[in-house]
There are 2 protein chains.
Amino acid sequence: MKEAWVSQMRKGLVELGVLSVLHNAETYGYHIVQTLALVEGLAITESTIYPVLARLEEDACISVRVAPSPNGPQRRYYRLTQVGRDRLSAMAAQWATVKASVDRLLATPRQPEAIS
Amino acid sequence: MKEAWVSQMRKGLVELGVLSVLHNAETYGYHIVQTLALVEGLAITESTIYPVLARLEEDACISVRVAPSPNGPQRRYYRLTQVGRDRLSAMAAQWATVKASVDRLLATPRQPEAIS
DNA sequence: GATGCTACCCCGCATGGCATGGTAGCACTA
DNA sequence: TAGTGCTACCATGCCATGCGGGGTAGCATC
């Protein structure tokens with residue numbers, strides 16, 4: 001398996017990714033997995049997506065619509081609510097802040113050694 | 001308290017931040033807290049830093065040197081080992097990948113609605 | 001001797017990613 | 001018509017991590 005910190009680094013970003021995907025289009029869990037599988041560093045499994053969607057629905061960030069699938073069980077299509085759009089905005093802002101900070105830290109040149 | 005997802009988004013990035021600070025200069029836990037307190041979105045408490053340092057030391061990413069403080073108990077100065085530098089490089093690379101992916105996702109324009 | 005900063009640490013909780021395993025619908029084919 | 005395989009959903013349980021709360025001890029100042 002991959003190193004554990006890879007997963008840890010992703011925490012929170014998965015939710016941001018899912019909200020972002022749902023912002024772009026209404027879709028369902030299984031399809032989100034396939035979509036994010038193509039996004040390097042954000043690939044997730046079904047074990048991850050369904051709890052995320054359940055949480056987001058519980059928080060009223062997304063609403064659901066059930067529709068039949070031509071290839072299998074019914075699909076649960078999700079779309080962002082206003083709460084979800086607000087959450088996405090907030091997370092995107094936080095993301096921008098953290099991103100800038102981390103990048104600044106990584107770019108900081110080595111300091112001269114302190115004495116003792 | 002702040003929303004929980006703010007902490008979640010930080011998971012893993014704290015370790016990257018600490019490694020980055022230690023890459024810049026040898027220093028001790030309490031000082032890292034003060035340093036990161038000035039970095040927007042990466043502020044952590046002592047409850048966070050000491051477990052992180054203990055983990056990094058256990059993983060041989062950092063080595064420790066004890067030295068007296070003029071203002072209080074002994075300080076434990078940490079510096080990166082080669083393992084730590086490798087870890088920092090790996091995490092920085094992963095960070096760059098994830099960052100690019102998230103930014104690309106956030107920039108993706110809204111797709112036309114699928115039918116049914 | 002009380003307050004306050006410095007500097008370290010432990011315990012316990014909540015959160016969230018993820019492995020594992022399960023169910024069920026549909027299509028194809030041997 | 002049984003088997004295989006993809007689709008699509010879900011529950012359970014583990015583990016790592018951030019962090020609140022609390023503790024100890026050194027030193028300085030008033």
Side-chain angles (χ1 to χ4, degrees), chain A residues 1-19 27-37 41-59 61 64-78 91 94 98 116, chain B residues 1-19 27-37 41-59 61-62 64-78 87 91 94 98 116:
Chain A
M1 71 159 182
K2 284 194 174 181
E3 282 97 339
W5 57 260
V6 174
S7 293
Q8 293 299 328
M9 191 183 284
R10 256 209 303 244
K11 292 211 173 184
L13 296 184
V14 167
E15 186 171 313
L16 177 57
V18 170
L19 286 172
T27 184
Y28 55 98
Y30 192 77
H31 187 245
I32 294 175
V33 170
Q34 295 177 317
T35 300
L36 291 182
L42 283 184
I44 57 175
T45 67
E46 299 172 53
S47 302
T48 301
I49 191 64
Y50 294 113
V52 169
L53 291 171
R55 237 182 299 142
L56 288 174
E57 190 184 1
E58 197 176 15
D59 291 352
C61 289
V64 67
R65 175 175 68 85
V66 177
S69 160
N71 301 324
Q74 285 191 325
R75 294 172 178 166
R76 296 174 60 85
Y77 284 89
Y78 293 95
M91 291 190 75
Q94 177 67 15
V98 170
S116 179
Chain B
M1 68 159 187
K2 286 193 175 182
E3 282 97 340
W5 56 261
V6 173
S7 294
Q8 293 300 328
M9 190 183 286
R10 248 204 310 239
K11 292 212 173 181
L13 296 184
V14 168
E15 187 171 311
L16 177 56
V18 171
L19 287 172
T27 184
Y28 54 99
Y30 191 78
H31 188 245
I32 295 176
V33 170
Q34 295 177 318
T35 300
L36 290 182
L42 283 184
I44 57 175
T45 68
E46 299 173 53
S47 300
T48 300
I49 191 65
Y50 294 113
V52 170
L53 290 172
R55 238 182 301 143
L56 289 174
E57 192 184 359
E58 197 177 10
D59 291 353
C61 288
I62 55 180
V64 68
R65 173 176 69 86
V66 176
S69 160
N71 301 323
Q74 286 190 324
R75 294 170 178 167
R76 296 173 59 84
Y77 285 89
Y78 293 96
R87 173 86 143 255
M91 292 190 75
Q94 177 68 15
V98 170
S116 178

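Predicted model only: the values in this text are computed from it and were never measured. Sequence lines set the chain letters: A, B, ... in the order given, protein chains first and strands last, and positions in each chain run from 1.
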- [ ] Using only side-chain N and O atoms of A/T48, determine if any of them is under 4.0 Å from OP1 or OP2 of C/dC18.
- [x] yes

TODO: Could you state the atom-to-atom distance from OH of A/Y28 to P of D/dT7 in whole Å?
DONE: 9 Å

- [ ] Starting from the 5' end of DNA chain D, give me the residue, A/P51 or A/Y30, whose nearest nucleotide shows up first.
- [x] A/Y30

- [ ] Return the value, rounded to whole Å, for the distance between atom CD of B/E3 and atom C1' of C/dG16.
- [x] 17 Å

Collect all protein-nucleotide pairs involving nucleotides 21-25 of chain D in which both atoms are nitrogen or oxygen and the distance is under 3.5 Å.
| from | atom 1 | to | atom 2 | distance (Å) |
| --- | --- | --- | --- | --- |
| D/dG21 | O6 | B/S47 | OG | 2.7 |

Task: Distance below 4.0 Å between B/Y50 side-chain N/O and C/dC9 OP1 or OP2 - done: no

Open item on the list: Measure CG/B/L36 against P/D/dC19 and give the value in whole Å, please.
Closed with: 11 Å

TODO: Apply the test salt bridge (charged side-chain N to carboxylate O under 4.0 Å, His left out) to residues B/R87 and A/E3: give CA-CA distance (whole Å), side-chain angles for both, the deciding distance (0.1 Å), then the verdict.
DONE: CA-CA 11 Å; B/R87 173 86 143 255; A/E3 282 97 339; over 6 Å; no

Distances under 3.5 Å between protein N/O atoms and the N/O atoms of nucleotides 12-15 of chain C, please, pair by pair.
| from | atom 1 | to | atom 2 | distance (Å) |
| --- | --- | --- | --- | --- |
| C/dT15 | O2 | B/K11 | NZ | 3.3 |

TODO: Measure the distance from CD1 on B/I44 to C1' on D/dG20 and round it to the nearest whole Å.
DONE: 14 Å

TODO: Ignoring the backbone of B/Y78, work out which of D/dC9, D/dC19, C/dC9 is nearest its side chain.
DONE: C/dC9

Task: Separation of atom OH in A/Y77 from atom C1' in D/dT7, rounded to whole Å - done: 12 Å

